[in-house]
Student: 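First the structure, which I've put down as structure tokens, then a few questions once you've had a look.
When a residue number appears, it is its place in the shown sequence, counting from 1.
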Amino acid sequence: MSTRTPLGLAIATVTAVSLTGGLLTLSVGTATAAGGPAKYADDFNGDGFRDFAVASLGGEVTVTYGTATGVGTTTKTFTQSSAGIPGTAGDAGGYADAFGEDIASADLNRDGYADLAVADFTEKVSGRVSSGAVTILWGRKTGLTGTDATRLKVAARADQGFGKAIETGDFNGDGKADLAVADAFRSVYVYRGGFTKSGTTGKVTKHTRGDTFENTGLVAGKVTKDKETDLYLLGQGYHNDKMTQDAWFLRGGSTIKPGKATVVNGSAPDYSPTGVVADFDKDGYGDLAVGDTRYNNYAGSVVVWRGGGTGPTTKYRLTQSTSGVATAAAAHEYFGSDLSAGDTNGDGYPDLAVGVPYEKVGTAKGAGGVHVLRGGRAGLTGKNSQWFSRATAGVPGNPVQYESFGSLVRLRDLDRDGDQDLLVSSNYYDPSVLLPGTGSSVTATGAREVNVVAAFPQ
């Protein structure tokens with residue numbers, strides 16, 4: 001799965017080929033680097049521990065390697081100036097370098113080591129400005145390297161923005177990781193596995209939405225009960241003479257089938273939306289949760305589009321006015337700026353961490369924080385939800401005006417004790433705060449700072 005990064009807030013996704021405790025996770029095979037596909041979609045050195053790939057501002061991607069106790073201290077940074085990586089770092093036809101604007105990981109060549117696909121929709125290719133490119137960095141025992149980096153093959157065309165968003169998943173259910181790549185307009189290309197370092201892939205298909213639409217993101221996940229990963233294309237629509245925020249469903253299978261579309265916000269698009277697929281009501285179907293930060297004068301909201309047997313069905317909206325949510329809705333707080341799903345209390349229902357980066361905390365405007373909303377039989381609600389900010393006892397630091405704590409959030413077992421922890425970041429530069437999981441909830445007791453940004457693929 002992938003995550004939108006610096007040029008737009010994270011699009012956190014949960015990609016899938018299997019159901020695990022209601023949360024949809026990518027796990028093609030269970031072998032380690034001794035043979036067969038990698039156990040984890042982000043274990044780049046095959047040591048059995050999940051790693052953390054995060055894009056930084058200025059066209060950089062930094063990988064921090066995991067250890068037996070969690071986040072390690074070994075890091076490596078890649079740019080287009082790194083040996084073996086094609087292209088030129090720096091300005092790209094008037095845009096800032098977007099190398100790493102989106103990243104996605106999976107064992108694409110099935111050698112036991114996860115690989116990292118890095119998108120740059122601004123890349124100049126064959127003299128064509130902003131044609132766009134996606135480069136694969138291959139994993140090995142020593143970790144990711146730029147050596148023998150491979151670009152996906154696509155016809156160069158000026159301003160097509162190939163690589164606007166990318167996702168991994170098993171879209172045709174054959175057990176091999178595939179790669180979906182959106183352009184800057186209304187098309188998505190699906191590259192089937194297997195992939196090779198020489199640049200060959202399986203079959204490539206192109207899928208285009210027929211009406212007025214502009215891609216802003218991709219979310220992959222298992223929505224129906226079949227074995228294939230499905231896709232949502234997020235973007236700017238146009239209805240009744242108004243620009244809208246839309247989501248379009250594409251059902252996985254031997255043939256990708258266009259499905260339903262819905263309007264998330266009927267009066268304003270979000271140019272960097274964040275979304276995640278998880279089975280919040282544990283009915284066997286994956287639900288799409290997508291942030292709608294423009295809602296109610298930018299107070300923000302989260303729209304949930306329930307999954308069903310042939311695709312999404314009904315939808316509902318959560319805000320800070322939802323019963324049980326700790327803080328009140330106010331303009332320009334951007335509730336839903338980042339999302340992450342995981343079962344934080346051990347009841348089998350995935351929960352949702354929701355960033356609110358411009359929440360006023362005490363007298364500190366824009367100090368920010370994060371809510372954890374509980375999943376249950378009825379789906380996500382505000383009941384028994386949790387709220388964390390710098391003012392929460394145990395959280396390091398104090399509320400600071402316009403810090404934007406909660407700009408980036410991730411749920412993952414970071415300390416490898418079996419419980420879902422919550423990582424919260426204010427930006428791409430400063431240390432993040434790790435709120436430990438206890439099995440029954442996330443807690444601020446024992447909270448500490450760590451040097452990983454909460455923007456890695458989940």
Side-chain angles (χ1 to χ4, degrees), residues 1-8 11 13 15 55 59 61 78-80 85-106 108 115-137 149-169 171 177-193 195-196 198-210 212-220 231-236 248 250 256 258 271-273 457:
M1 89 143 219
S2 73
T3 171
R4 297 299 302 279
T5 37
L7 300 185
I11 177 168
T13 67
T15 56
V61 177
F78 299 92
T79 72
Q80 286 185 290
I85 296 179
T88 302
D91 185 74
Y95 296 95
D97 195 336
F99 181 78
E101 163 73 358
D102 203 5
I103 54 178
S105 59
L108 295 171
D115 311 301
L116 186 69
V118 182
D120 181 356
F121 74 95
T122 66
E123 182 74 0
K124 185 177 182 179
V125 179
S126 299
R128 292 168 173 81
V129 174
S130 297
S131 179
V134 175
T135 302
I136 299 173
L137 310 184
T150 306
R151 273 191 175 176
L152 291 182
K153 295 178 180 178
V154 66
R157 190 173 76 247
D159 299 317
Q160 72 175 329
F162 180 77
K164 180 67 175 178
I166 58 177
E167 286 287 355
T168 55
F171 301 113
D178 309 316
L179 185 60
V181 183
D183 63 20
F185 296 98
R186 57 182 186 272
S187 295
V188 59
Y189 301 76
V190 178
Y191 290 74
R192 271 73 169 189
F195 295 76
T196 70
S198 64
T200 62
T201 70
K203 183 180 179 181
V204 182
T205 56
K206 182 180 179 181
H207 311 274
T208 302
R209 182 165 165 172
T212 302
F213 190 76
E214 179 181 341
N215 295 334
T216 54
L218 277 177
V219 184
L231 273 171
Y232 285 100
L233 198 60
L234 307 181
Q236 173 190 307
W248 179 39
L250 297 170
I256 303 292
Y271 295 101
S272 54

Student: Are Q80 and T135 side-chain neighbours, meaning at least one heavy-atom pair lies under 4.5 Å?
Tutor: no
Student: Quick check: closest heavy atoms across V134 and A117, and the distance to 0.1 Å?
Tutor: CG1-CB, 4.2 Å
Student: Please list, chain by chain and in numerical order, all residues satisfying side chain to side chain contact (heavy atoms under 4.5 Å, CB included) with S187, sequence neighbours excluded.
Tutor: D183, K206, T208
Student: Are F213 and L233 close enough that some pair of their side-chain heavy atoms sits under 4.5 Å apart?
Tutor: yes
Student: Does E214 have any side chain to side chain contact (heavy atoms under 4.5 Å, CB included) partners at least two apart in sequence or in another chain, and if so, which?
Tutor: Q236
Student: If the condition is side chain to side chain contact (heavy atoms under 4.5 Å, CB included), which residues does T196 pass it with, not counting sequence neighbours?
Tutor: S198, T200
Student: Any idea which heavy atoms bring T168 and A104 closest together, and the distance?
Tutor: CG2-CB, 3.8 Å
Student: Taking atom CZ of R186 and atom OG1 of T212, what is their separation to the nearest 0.5 Å?
Tutor: 7.0 Å
Student: Examine distances only and state if a side-chain atom of D102 and a backbone atom of I166 form a donor-acceptor pair shorter than 3.5 Å.
Tutor: yes
Student: Over all heavy atoms of both residues, which pair between T150 and G199 is shortest? Give the atoms and the distance, please.
Tutor: CG2-CA, 3.5 Å
Student: Looking at CZ of R192 and OG1 of T205, how far apart are the two atoms once the value is rounded to the nearest 0.5 Å?
Tutor: 3.5 Å
Student: Work out which heavy atom in G100 is nearest to a heavy atom in A55; give both atom names and the distance.
Tutor: O-CB, 3.1 Å
Student: From R157 CZ over to S130 OG, what is the distance, rounded to the nearest 0.5 angstrom?
Tutor: 12.0 Å
Student: How many angstroms lie between CZ in F78 and CD1 in I103, if you round to the nearest 0.5 Å?
Tutor: 11.5 Å
Student: Determine whether a donor-acceptor pair (N or O, by modelled atom type, separation under 3.5 Å) exists between the side chain of Q160 and the backbone of A155.
Tutor: yes
Student: Would you say that S105 contacts D115 through its side chain, given a criterion of any heavy-atom pair below 4.5 Å between the two side chains?
Tutor: no
Student: Could you tell me if the side chain of R151 sits less than 4.5 Å from the side chain of V125, heavy atoms only?
Tutor: yes
Student: Output the distance between atom NZ (K164) and atom CG (N215), rounded to the nearest 0.5 Å.
Tutor: 9.0 Å
Student: Kindly give the heavy-atom pair with the smallest separation between F195 and Y191, and that separation in Å.
Tutor: CZ-O, 3.5 Å
Student: Heavy atoms, side chains only, cut-off 4.5 Å: are I85 and T79 in contact?
Tutor: no
